[in-house]
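Let me begin by presenting the structure, written as structure tokens, before commenting on it.
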Amino acid sequence: MKAPRAKRSPGIPRPLPFGTVALLLQGGGALGAYQGGVYEALAEAEVLPNWVAGISIGAINAAIIAGNPPQERVAKLRAFWEQITAHPTNAVADLVARFAGDDTTRSLLNEMSAFRVMATGAPGFFTPRPVWPWLNQPGALGATSYYDTTLLKSTLESLVDFDRINAGELHFSVAAVNVRSGNFVYFDNATHHIRPEHIMASGALPPGFNAVEIEGELYWDGGLISNTPLSWVLNATPRHDTLAFQVDLWSAHGGEPRTMADVAVRQKEIQYSSRTRAETDHFKQMQQLRFALARLLDKLPAEMRADPDAQLLHEQADRSRYNIVELIYRSKHYEDQTRDFEFSRLTMLDHWQAGLNDARRTLRHHQIFELPTNGDGVFTFDWHQDGVG
């Protein structure tokens, strides 16, 4: 796949008035193709991030972006998604879905695809273990997960230049959870030497996938604690004016469940989306305090500014400004609780196109490229919630 041709918009300032342009990629399994479409739109508009952070499937997409030169990133993202949706049965199912055209047929085919993935895995990603984990001896390899992710390591090594990531051309971060301590840990190329294991650890969601060992410690999927790297990026120091594209794969908004299947869907949506809104609200409150503290310190007489307590407060005062742009995947009527492990080719293409369309529409709203002028220095843009297209 060729790199997208740039579509510079005259309404986008050059250079952007932000020291940091961050792309934040949430977890969500098969829904992650949406993030590929979002990145393609950013590349078209030449709005390229200088910080990419991800969790779970977002960590894989982030690694592919950071581990390739700009002109190759979209093609490598597409190669990954085409590889893991390349099962031979997908072609027949996709053909039926295209000609049937109704939601009932599509829902049935999606469920069949999801159950096929459960039974056989996804090419280049994971395979079912030959022995059911409950039948393994405690502590044996395969006793703590249903699937083997050895294939993912080879896939990452073929698509990602880890030397490029570690050279620091882009700031790169992924999150995982320490199994023994329960602590949320970020692996960041500013402080760690990134290897495939760090990416695999971020996506090691139990009980499907086994924990990944890094330097003698075992790690699971970061989404067990928080499914978004938003707070890691927004609270980083030193602070800079920041434009953050938060790409969520689960919507916090939804209808009242009417069936048990609806309950399963809403449970996942709430579980994996709720932290984004909470962390944004908390960050706004902290920014209000930082701005107020900066204004207060400006009023102090010069002799008081040298006081140790004033110096300590000065470290927390800040006037950096932040635009947080939320892009949220909106699920289709025929997608159910299996949507995050439904790896059919047609669904992947639908997710990718949805991300491409949503990001293109978002980038037409050029106020996202303007520094906020309100009292707390934070603007949030949520076209999904506000109904803006």
Side-chain angles (χ1 to χ4, degrees), residues 4 6-26 34-55 58 61-62 65-66 70 73-74 168-173 186 188-190 228-248 276-277 279-284 286-288 290-291 318-329 355-356 358-386 388:
K7 297 181 180 179
R8 276 181 176 254
S9 171
I12 300 177
R14 307 290 179 174
L16 296 177
F18 298 92
T20 297
V21 178
L23 179 61
L24 314 177
L25 304 177
Q26 192 190 59
Y34 178 84
Q35 297 170 345
V38 169
Y39 185 79
E40 181 176 352
L42 293 176
E44 284 180 346
E46 293 188 333
V47 179
L48 300 181
N50 53 21
W51 191 344
V52 185
I55 292 175
N61 286 330
I65 292 169
R73 291 170 184 166
V74 173
E169 178 182 343
L170 265 67
H171 195 167
F172 174 81
S173 314
Y186 272 95
D188 191 295
N189 65 349
T228 172
L230 183 66
S231 62
W232 177 254
V233 173
L234 296 184
N235 293 311
T237 55
R239 298 183 178 92
H240 303 283
D241 293 334
T242 298
L243 171 62
F245 292 94
Q246 167 69 31
V247 188
D248 289 353
T276 298
R277 191 61 49 84
E279 291 182 13
T280 301
D281 291 344
H282 177 70
F283 180 73
K284 285 182 177 180
M286 293 303 298
Q287 277 296 102
Q288 289 174 351
R290 292 186 183 112
F291 266 61
D318 188 69
R319 288 192 174 93
S320 296
R321 299 180 181 272
Y322 299 79
N323 280 354
I324 304 171
V325 182
E326 294 192 17
L327 289 146
I328 306 172
Y329 175 68
L356 182 61
D358 287 354
R360 282 173 172 170
R361 285 194 296 267
T362 295
L363 292 171
R364 290 201 294 263
H365 296 272
H366 295 146
Q367 61 266 43
I368 68 177
F369 301 108
E370 300 170 3
L371 289 169
T373 56
N374 57 348
D376 56 13
V378 181
F379 278 169
T380 59
F381 302 89
D382 185 347
W383 310 130
H384 179 266
Q385 176 180 332
D386 300 335
V388 179

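Fair warning: this is a prediction, and the values are worked out from it, not measured in the lab.
For the pair F245/P49, no side-chain contact is recorded, criterion being any heavy-atom separation below 4.5 Å from C-beta on. Side-chain contact between Y39 and N61 is absent, with no heavy-atom pair separated by less than 4.5 Å. No side-chain heavy atom of L48 sits less than 4.5 Å from a side-chain heavy atom of V21. Looking only at side-chain heavy atoms (C-beta outward), I324 and V378 come within less than 4.5 Å of each other. Between Y322 and T280, the closest side-chain pair of non-hydrogen atoms is not below 4.5 Å. Proximity of F283 to L230: side-chain heavy atoms (C-beta onward) are nowhere separated by under 4.5 Å.
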Does V247 form a side-chain contact (heavy atoms from CB on, under 4.5 Å) with L23? I'd like the steps, not just the answer. CA-CA 8 Å; V247 188; L23 179 61; 3.8 Å; yes
side-chain contact (heavy atoms from CB on, under 4.5 Å), that's the test. Do L363 and I368 meet it? Break it down for me. CA-CA 8 Å; L363 292 171; I368 68 177; 4.2 Å; yes
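Ring geometry, H171 versus W51: the interplanar angle falls under 30°, so the pair is classed parallel (tilted spans 30 to 60°). Ring geometry for F369 versus H366: interplanar angle of 30 to 60°, hence tilted. By the 30° and 60° cut-offs, the orientation of the rings of Y329 relative to Y34 is perpendicular.
With rounding to the nearest 0.5 Å, the separation of CZ in R239 from CD in Q287 is 7.0 Å. Residue R321 holds its CZ atom at 13.0 Å from CD of E370, rounded to the nearest 0.5 Å. Between the OG1 atom of T362 and the CZ atom of F381 there is a distance of 10.5 Å, given to the nearest 0.5 Å. Atom CG of L25 and atom CD of Q35 lie 4.5 Å apart (nearest 0.5 Å). To the nearest 0.5 Å, atom CG of residue D382 and atom CG of residue L327 are 9.0 Å apart. Remark: E279 CD to L234 CG distance equals 8.5 Å, nearest 0.5 Å.
Distance alone, capped at 3.5 Å, is enough to place a donor-acceptor pair between the R73 side chain and the I65 backbone.
Here the shortest heavy-atom pairing between A62 and G54 reads CB-N, 4.2 Å. In this structure, F172 and A66 approach most closely via the heavy-atom pair CD1-CB, 3.7 Å. Of all the heavy atoms in Y186 and P229, the pair that sits closest is OH-CA, 3.0 Å. Of all heavy-atom pairs between E169 and P70, the closest is OE2-CD, 4.3 Å. Residues P17 and D241 share a closest heavy-atom pair of O-CB, 4.1 Å. Between T242 and F18 the shortest heavy-atom distance is C-CD2, 3.4 Å.
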